[in-house]
Student: 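One structure is given below, represented as structure tokens, and several questions about it will come after.
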Amino acid sequence: MLQTEASAPVAGMGDRPYPFELRPLCPTFGAEIIGVDVAQLSDPEFDRIYDAFLEHQMLLFRNQRLAPADQVVFARRFGSVQVHVMNQYHADGFPEIYYLSNLDASGRPSGKHPDKGTVHWHTDGSWARRPGQATLLYADRVPSEGGETRFASMYAAYDDLDQAMKERLAPLRAIHSLDFSRTRRHGDDPMSEAQKKAKPPVAHPIVRIHPETGRKCLFLGDHAWCVEGMPLEAGRQLIEELNASIIRPELVYTHRWRPGDLVIWDNRCMLHKAEPYDTAKEARVLRRCTVVGEVPI
């Protein structure tokens, strides 16, 4: 397993040095940006943060003090922020925030997991016609053990495929469905009929081209239901086999949360999942904003 702490600092990466200290999180992707207050970035500084986001796929900022309003404002610098169809997760006054908390009304751990689908590999919003671009996840409270978030690069997953598999997958489109994944993973709290109608299944290419880097990557995860034009059973088998094979432990970064951590990742080329924790004894409160991306090609 890859190390979960930053290694030695890097003076500059890419075509020109970054104007901030940057530490790689693992050999293939991810970087911690040191000493930056994301709520105080100038436009030129944000542009360089965005360059680092494209280059490293995932960014970590420690010791941030982000109120919900600040998080939404910062997310809007990346683009239009999703208002999730599962409105029971909206934070009070901030429908752009997807609130993940296991606390009950009295502020104690409830023993219930807020979203069991998050513990399976997925990409945010792949069930929408325009899936997620960036996700910004902020930690308010974290458990003393468990509750980490794991990340995997789908650039690396695609590059590791043999040529025959790349050619097989090139024309295929997977149908992604929030109703399918929600029912399978969290059937005790299914989507309402209105929510199902608002977000019907949608087909996306299994191999997509990143709209900004031009690199090819796999686009699957737990919301992928079946394969367009294939019998359901055969399509399910292919998706399950691919989802199992593309996650290689040596290419996974595991993030151990601290309060005040902000992690931003590129949903167009990453999968992620949360690790289990003791929901009856430990508090875990995270706030998520997902920026709406492009129709995959």
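Sequential numbering from 1 along the given sequence is applied to the chain's residues. Since the model is a prediction, treat every value here as computed from it, not as a measurement.
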Student: Are Leu251 and Phe29 close enough that some pair of their side-chain heavy atoms sits under 4.5 Å apart?
Tutor: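 Not touching, per the 4.5 Å side-chain cut-off.
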
Student: Give the cluster check for Val295 versus Phe219: same hydrophobic cluster or not, with ILVMFWY residues linked at side-chain heavy-atom distances below 4.5 Å.
Tutor: no

Student: Would you call Leu161 and Glu167 a side-chain contact if the rule is heavy atoms closer than 4.5 Å?
Tutor: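 A side-chain contact under 4.5 Å is absent here.
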
Student: Rounded to the nearest 0.5 Å, what separates atom CG in Leu271 from atom CG in Asn243?
Tutor: 7.0 Å

Student: State, without any angle test, whether Thr279 and Asn102 hold a side-chain donor-acceptor pair at a distance under 3.5 Å.
Tutor: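 Result is no, nothing qualifies.
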
Student: Less than 4.0 Å between a side-chain N and a carboxylate O, is that true for Lys196 and Glu193?
Tutor: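 Lys196 and Glu193: salt-bridged.
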
Student: Can you see which heavy atom on Arg141 is nearest to which on Gly107, and at what distance?
Tutor: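 Looking at all heavy atoms of both residues, the shortest contact is NH1-O, 4.1 Å.
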
Student: Side chains of Leu22 and His56: does their closest heavy-atom pair fall under 4.5 Å?
Tutor: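 A side-chain contact under 4.5 Å exists here.
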
Student: Determine, stepwise, if the pair Arg184 / Glu240 fulfils salt bridge (charged side-chain N to carboxylate O under 4.0 Å, His left out).
Tutor: CA-CA 14 Å; Arg184 182 164 70 143; Glu240 292 290 353; 3.0 Å; yes

Student: Where is the tightest heavy-atom contact between Pro201 and Ile175, given as atom of each residue plus distance?
Tutor: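 Where Pro201 meets Ile175 most closely, the heavy atoms are CB-CG2, 3.7 Å.
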
Student: For Arg284 and Gly147, indicate whether the former's side chain and the latter's backbone hold a donor-acceptor pair under 3.5 Å.
Tutor: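 The answer is yes, because a donor-acceptor pair under 3.5 Å joins these two groups.
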
Student: Are any of the side-chain heavy atoms of Ile49 and Phe61 separated by less than 4.5 Å?
Tutor: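 Yes, their side chains come closer than 4.5 Å.
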
Student: To the nearest 0.5 Å, what is the distance between CD1 on Ile206 and OH on Tyr158?
Tutor: 12.0 Å

Student: Name the orientation class of the two ring planes belonging to His223 and His122 (parallel below 30°, tilted from 30 to 60°, perpendicular beyond 60°).
Tutor: perpendicular

Student: Hey, what do you get for NE2 (His176) to SG (Cys226), rounding to the nearest 0.5 Å?
Tutor: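 Going from the NE2 atom of His176 to the SG atom of Cys226 covers 9.5 Å.
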
Student: Show the nearest heavy-atom pair for residues Gly132 and Asn267, with the distance to one decimal.
Tutor: O-CB, 3.3 Å

Student: So that I can tick it off, tell me whether Arg65 and Asp37 are bridged by a salt bridge, with the cut-off set at under 4.0 angstrom between side-chain N and carboxylate O.
Tutor: no

Student: Which value, rounded to the nearest 0.5 Å, describes the distance between Ile33 atom CD1 and Leu59 atom CG?
Tutor: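 The CD1 atom of Ile33 sits 4.5 Å away from the CG atom of Leu59.
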
Student: Knowing that exactly one of Leu286, Thr135, Leu60 qualifies, which makes a side chain to side chain contact (heavy atoms under 4.5 Å, CB included) with Val263?
Tutor: Leu60

Student: Have Ser106 and Asp104 got a donor and an acceptor in their side chains that come within less than 3.5 Å?
Tutor: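 There is such a pair (donor and acceptor under 3.5 Å, judged by atom type) between the side chains of Ser106 and Asp104.
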
Student: Is there a donor-acceptor pair under 3.5 Å between the side chain of Gln71 and the backbone N or O of Arg287?
Tutor: yes

Student: Quick one: does any side-chain atom of Arg130 pair with a main-chain N or O of Glu294 as donor and acceptor, under 3.5 Å?
Tutor: no

Student: Take Met86 and His186, measure what side chain to side chain contact (heavy atoms under 4.5 Å, CB included) needs, and give me the verdict at the end.
Tutor: CA-CA 13 Å; Met86 302 295 287; His186 215 325; over 6 Å; no

Student: Phe53 pairs by ring pair (Phe, Tyr, Trp, His ring centres under 6.0 Å) with which of Tyr18, Phe46, Phe78?
Tutor: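 Answer to the ring pair (Phe, Tyr, Trp, His ring centres under 6.0 Å) test with Phe53 among Tyr18, Phe46, Phe78: Phe78.
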
Student: Determine the minimum heavy-atom distance between Ser101 and Pro114, stating which atoms define it.
Tutor: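 That closest heavy-atom pairing would be O-CB, 3.4 Å.
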
Student: Kindly work out whether a path of hydrophobic side-chain contacts (I/L/V/M/F/W/Y, heavy atoms less than 4.5 Å apart) joins Val38 to Val291.
Tutor: yes

Student: Given the rule that I, L, V, M, F, W and Y join up when any side-chain heavy atoms are under 4.5 Å apart, are Leu137 and Met58 in one cluster?
Tutor: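 Yes, because Leu137 and Met58 connect within a single hydrophobic cluster, where side-chain heavy atoms sit under 4.5 Å apart.
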
Student: If you round to the nearest 0.5 Å, how far is OG of Ser192 from CD of Gln88?
Tutor: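 Reported value, rounded in 0.5 Å steps: 7.5 Å.
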
Student: Take atom NZ of Lys281 as the centre, draw a 6.0 Å sphere, and report whether it contains more than 12 heavy atoms from other residues, nucleotides or ligands.
Tutor: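 At most 12 heavy atoms, drawn from other residues, nucleotides or ligands, come within 6.0 Å of this atom.
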
Student: Other residues, nucleotides and ligands only: do more than 12 of their heavy atoms fall within 6.0 Å of CD on Glu145?
Tutor: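 No, CD of Glu145 has 12 or fewer neighbouring heavy atoms, counting only those of other groups under 6.0 Å.
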
Student: Have Asp124 and His272 got a donor and an acceptor in their side chains that come within less than 3.5 Å?
Tutor: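 There is such a pair between these side chains.
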
Student: Would you say Leu242 and Met154 are hydrophobically clustered, going by side-chain heavy atoms of ILVMFWY under 4.5 Å?
Tutor: yes

Student: Just so I know, are the side chains of Trp225 and Asp179 near enough to count as touching, which here means a heavy-atom distance under 4.5 Å?
Tutor: no

Student: Verify side chain to side chain contact (heavy atoms under 4.5 Å, CB included) between His210 and Leu54, making sure each step is shown before the conclusion.
Tutor: CA-CA 10 Å; His210 194 288; Leu54 291 179; 4.0 Å; yes

Student: Without swapping roles, check the side chain of His204 against the backbone of Ser126 for a donor-acceptor pair under 3.5 Å.
Tutor: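 Yes, because the side chain of His204 sits within donor-acceptor range (under 3.5 Å) of the backbone of Ser126.
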
Student: Do Gln237 and Glu241 get their side chains close enough for a donor-acceptor pair, meaning under 3.5 Å?
Tutor: yes

Student: Determine, for Glu32 against Arg258, whether the closest basic-nitrogen to carboxylate-oxygen distance falls under 4.0 angstrom.
Tutor: no

Student: Applying side chain to side chain contact (heavy atoms under 4.5 Å, CB included), run through Leu136 and Tyr138 and close with a yes or a no.
Tutor: CA-CA 7 Å; Leu136 298 85; Tyr138 178 78; over 6 Å; no

Student: Any carboxylate oxygen within less than 4.0 angstrom of a Lys/Arg side-chain nitrogen, looking at Asp189 and Arg182?
Tutor: yes

Student: Do Thr183 side-chain atoms and Phe180 backbone N/O form a donor-acceptor pair below 3.5 Å?
Tutor: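 No; judged by distance alone, with no hydrogens or angles, the pair does not exist.
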
Student: I'd like to know if Lys273 and Asp222 make a salt bridge, using a cut-off of under 4.0 Å between side-chain N and carboxylate O.
Tutor: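 Salt bridge: no.
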
Student: When you measure from the side chain of Glu96 to the backbone of Ala91, do you find a donor-acceptor pair of N or O atoms at a distance under 3.5 Å?
Tutor: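 Here the side-chain-to-backbone pair does not exist.
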
Student: Can you tell me how far apart CG (Leu103) and OG (Ser110) are? Round to the nearest 0.5 Å.
Tutor: 7.0 Å

Student: Angle class for the Tyr98/His84 ring planes (parallel below 30°, perpendicular above 60°, tilted otherwise)?
Tutor: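 If you compare the ring of Tyr98 with that of His84, the planes turn out tilted.
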
Student: Check whether the side chains of Gln57 and Ser153 place a donor and an acceptor atom closer than 3.5 Å, and report yes or no.
Tutor: yes

Student: When you compare the side chain of Val285 with that of Leu100, does any pair of heavy atoms fall below 4.5 Å?
Tutor: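 The answer is no, as the side chains (C-beta and beyond) never meet within the 4.5 Å cut-off.
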
Student: Does a donor on one side chain and an acceptor on the other come within less than 3.5 Å for His255 and Thr149?
Tutor: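 No pair is found: no donor N or O on one side chain lies under 3.5 Å from an acceptor on the other.
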
Student: Grab the two heavy atoms, one from Ala224 and one from Ala174, that are nearest each other, plus how far apart they are.
Tutor: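 Reported closest heavy-atom pair: CB-CB, 4.4 Å.
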
Student: Which pair of non-hydrogen atoms, one from Leu66 and one from Ala39, has the smallest distance, and what is that distance?
Tutor: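 Distance-wise, the nearest heavy atoms are CD2-CB, 4.3 Å.
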
Student: Any link between Val227 and Trp127 through a network of hydrophobic side chains (Ile, Leu, Val, Met, Phe, Trp, Tyr) touching at under 4.5 Å?
Tutor: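 Unlinked, Val227 and Trp127 end up in two clusters.
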
Student: Tyr155 versus Thr213: any side-chain heavy-atom pair under 4.5 Å?
Tutor: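 Of all side-chain heavy-atom pairs linking Thr213 with Tyr155, at least one is under 4.5 Å.
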
Student: Taking the side chain as every heavy atom from C-beta outward, state whether His113 and Tyr277 have any pair of such atoms under 4.5 Å apart.
Tutor: yes

Student: Test side chain to side chain contact (heavy atoms under 4.5 Å, CB included) on Arg23 and Ile34 and set out the steps.
Tutor: CA-CA 8 Å; Arg23 298 174 186 264; Ile34 312 296; 3.7 Å; yes

